[in-house]
Protein chains: 2
Amino acid sequence: MSEAPRPSPLLRPAFTGLLEALPATTPFVGPETLERRRGGVFALRLGANESAFGVSPRVQAVLHRESERANWYCDPEHHELREALAARLGVTRGNLVVGEGIDGLLGLIVRAFVEPGEAVVTSLGAYPTFNYQVNGYGGRLVFVPYREAGDNDLEALLAAARRERAKLLYLANPDNPSGSFHGRDAVTALLEGLPENCLLLLDEAYAEFAPAEELLPVEAEDPRLIRLRTFSKAHGLAGMRVGYAVAAREIVAAFDKIRLHFGVGRLAQLAAAAALDDQAFAGTVVRSVAEGREDYRRLGQRLDLPTLPSLTNFVAFDLGSAGRSIRMVELLGERGVFVRRPGQPPLDRYVRVTVGTEEERAAFAPLFADALEALGEERLEPAE
Amino acid sequence: MSEAPRPSPLLRPAFTGLLEALPATTPFVGPETLERRRGGVFALRLGANESAFGVSPRVQAVLHRESERANWYCDPEHHELREALAARLGVTRGNLVVGEGIDGLLGLIVRAFVEPGEAVVTSLGAYPTFNYQVNGYGGRLVFVPYREAGDNDLEALLAAARRERAKLLYLANPDNPSGSFHGRDAVTALLEGLPENCLLLLDEAYAEFAPAEELLPVEAEDPRLIRLRTFSKAHGLAGMRVGYAVAAREIVAAFDKIRLHFGVGRLAQLAAAAALDDQAFAGTVVRSVAEGREDYRRLGQRLDLPTLPSLTNFVAFDLGSAGRSIRMVELLGERGVFVRRPGQPPLDRYVRVTVGTEEERAAFAPLFADALEALGEERLEPAE
């Protein structure tokens, strides 16, 4: 530099107004964080709805083979994976966008559709990362309580979307954290009832666990609907971060203008394609999960804890009150079991337990019974 | 639904005004796309500045071992990786944020600091993904031409930042696509000269290839500076998408409010930690790359093509005019060689070639000579 400029210190970073006003928040505290706090790993990791059933041998083979090519960038168009998905779903490649898990796609979608201050509608206590993304882009969250029975209140969601002129209506179906499911007719009615300029954002992370004939047919060019799917659940690739959205070509083309083109790595794409290619493996996982849910239902009966019907890879156990549910998560944690619980009424009296392998379920049952016994002996402060 | 609602078709998706106004654009066309167009793979992949020297055996061992645990979500806090980075850089974990490559972090940073319409300054023809992210968030790009010799014009960048009240001044150092490098004193002067509320966004993707003593010392709590590093170059993990930023704790804490917490997968984090642990491997890569650059310099001399001095893993060859450079990329493509070229003057007369392995360089040299001979026989339209 020819003349020495005077230092002009920045007193503090000049964030955007939106970021400056955002409170500190975290969508999920991971089990690794909890393990660091407790000073030891969990013996049973049943809180994040990961697949307990591992990955396809084809996925492992691909990861072994391609580990020496981790030095190559990924295909930013995800061509092969989208081709495979298109063939399977009966859509075109132009109807598909691949992203860093459903979480990444939720950010992309909110960014694409929601101006600061505009409303989006979701169930109170539904997937927190959607809320996180909406807050992060300055959208206005409108919450609709779950019904007492644990399912999403579709009529109330629709009414809220109309009343608030919402840009997005978020529905997880099958639902997390309840496990509930609305069949084809109900979702069709929801779609048909949408107000103008409102999209249905249908999070189908757990679609593989639901009866295929009850899923909404894939009509990818419907401009009112974006569907989200993932390789994290039935396909067991939560650690690779690959999700995809099915949407009208015009929507996908718009995403291409702002999405992170190199967000999903080479190995992740190859692993996802290999997983998709092994439907037999995914089918086995789905059947094993169904058995595990039935196990959990019987366990709930034995322990006198009602369970919610579930079409996912987890089951919610009714502990009777939020206070007991909070304490149960702690008591299980002390016993080396990681589970989570819904934070909002009416689901906050439940504890949500991922379906483990047969061995994990066998290990879980006595620990759950033991924790329940400990809970029974405690005097609980009223928590609600 | 109790009453059948009337369908209210959405005529077209109601994107945000920002997205609606954005032109379709792609930061990079990947070699895979070019291969699909030409109907065959490239024999030599020398266009994306990937490491030609593979990955550490430790990385491969981790990928082999952990492939069966791809079903677990990642640690959203990247604790182990940040601990390892912090120890190595002499900063705290709170000074580090890990993201989906530098590309993902560029998006995060622009989103955090740049309001629509606010200015950012960068060199004309510098890293296109930065421009892509700025456009995607509605920022206003202010371009400063490279100097004729190929290096960033630090004085002009600073003058533009002051004149435009820029929020960010982007500098890649070592630079892409030129390969040039500014030493510690020059970058310190740039930092000291920043106008108020302007951050220096220092993209050090190629830092490992520069002399360590000439890099700016890491003073992580300086609120005027964000440094970006990556595992994609010397560590050879381009396909795993792991970058990180070093910044003041207050900045990292703000990123935590909006970043994608589950964007970098479990295997990617483990691979990056293993790569960081194998500095001997990275050192070998750096030395091999230096040899390769020297090879390319001599090749340029032999072919009568001047080369730019480079402290990266690529070398820019001067073809004399933009027209000849454009044509050279085509001629090399016809010969099975993937390279790229800078698109903006004064660098647009260059072709940029990634340093390949010794075998790849030996294969490249005659193909380059042959393409040059073919170029010499063509009559070129004036292109500038």
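Since we're looking at a predicted model, the values are computed, not measured. In the text below, chain A, chain B and the rest are named by the order of the sequence lines, each starting its count at 1.
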Who wins among A:V62, A:V55, A:D75 for the most heavy-atom pairs under 4.5 Å with chain B?
A:D75

I'd like to know which of A:A24, A:A112, A:S56 tops the heavy-atom pair count under 4.5 Å against chain B.
A:A112

Just say parallel, tilted or perpendicular for the rings of A:Y127 and A:F28, cut-offs at 30° and 60°.
tilted

Residue part contacting chain A, namely of B:P23, when any heavy atom lies under 4.5 Å:
backbone

Checking heavy atoms, do the side chain of A:H64, its backbone, both or neither come under 4.5 Å from chain B?
both

Give a yes or no on whether a salt bridge exists between A:E100 and A:R241, defined as a side-chain N under 4.0 angstrom from a carboxylate O.
no

Interface residue of largest heavy-atom contact number with chain B, from A:A70, A:G236, A:G265, A:G136, under 4.5 Å
A:A70

For A:E32, is it the side chain, the backbone, both or neither that has a heavy atom under 4.5 Å from a heavy atom of chain B?
side chain

Quick check for you: among A:L22, A:T16, A:V242, A:L63, which has the greatest number of heavy-atom pairs under 4.5 Å with chain B?
A:T16

Can you name the nearest heavy-atom pair linking A:F113 to B:A14, along with the distance?
CD2-O, 3.5 Å

Ranking B:Q133, B:E115, B:E80 by heavy-atom pairs under 4.5 Å to chain A gives rank one to B:E115

Quick check: closest heavy atoms across A:A248 and A:D222, and the distance to 0.1 Å?
CB-O, 4.4 Å

Under 4.5 Å from any heavy atom of chain A, what part of B:V114 do you find: side chain, backbone, both or neither?
backbone

Comparing B:G54, B:A271, B:G101, B:G30 against chain A, the one with the most heavy-atom pairs below 4.5 Å turns out to be B:G54

Under 4.5 Å, counting heavy-atom pairs only, tell me which of A:M240, A:K257, A:R259, A:K167 racks up the most with chain B.
A:K257

So with a 6.0 Å cut-off around CD of B:E66, is the heavy-atom count from everything else above 12?
yes

Considering only heavy atoms, which portion of A:Y132 lies under 4.5 Å from any heavy atom of chain B: side chain, backbone, both, or neither?
side chain

Heavy-atom neighbours of B:E35 CD exceed 12 at 6.0 Å:
yes

Would you sort out whether A:N135 and A:T25 count as a side-chain contact (heavy atoms from CB on, under 4.5 Å), showing the intermediate values?
CA-CA 10 Å; A:N135 285 326; A:T25 176; over 6 Å; no

A:R266, part contacting chain B, at a heavy-atom distance under 4.5 Å:
both

Ignoring hydrogens, what is the shortest heavy-atom contact between A:R162 and A:G193? Give both atom names and the distance.
NH2-O, 3.0 Å

Restricting to non-hydrogen atoms, name the atom on A:G356 and the atom on A:F53 that form the minimum distance, rounded to 0.1 Å.
O-CZ, 3.5 Å

Side chain, backbone, both or neither: which part of A:A48 has an atom under 4.5 Å from a heavy atom of chain B?
both

Are A:E77 and A:R82 within salt-bridge range, i.e. N to O under 4.0 Å?
no

With a 4.5 angstrom heavy-atom cut-off, which part of B:D103 approaches chain A: side chain, backbone, both or neither?
both

Which answer fits A:F231, side chain, backbone, both or neither, if we ask what part of it has an atom under 4.5 Å from a heavy atom of chain B?
neither

Of B:K233, B:Q269, B:E50, the largest count of non-hydrogen pairs under 4.5 angstrom with chain A goes to B:E50

From CA spacing to verdict: side-chain contact (heavy atoms from CB on, under 4.5 Å), B:L169, B:L201
CA-CA 6 Å; B:L169 191 168; B:L201 181 48; over 6 Å; no

One option among A:A253, A:S232, A:G107 has the most heavy-atom pairs under 4.5 Å with chain B, and it is A:S232

Residues B:N71 and A:S51: side-chain donor-acceptor under 3.5 angstrom
no

Which answer fits B:R111, side chain, backbone, both or neither, if we ask what part of it has an atom under 4.5 Å from a heavy atom of chain A?
both

Of the listed B:E118, B:H235, B:H79, B:R69, the one with the largest count of heavy-atom pairs under 4.5 Å with chain A is B:H79

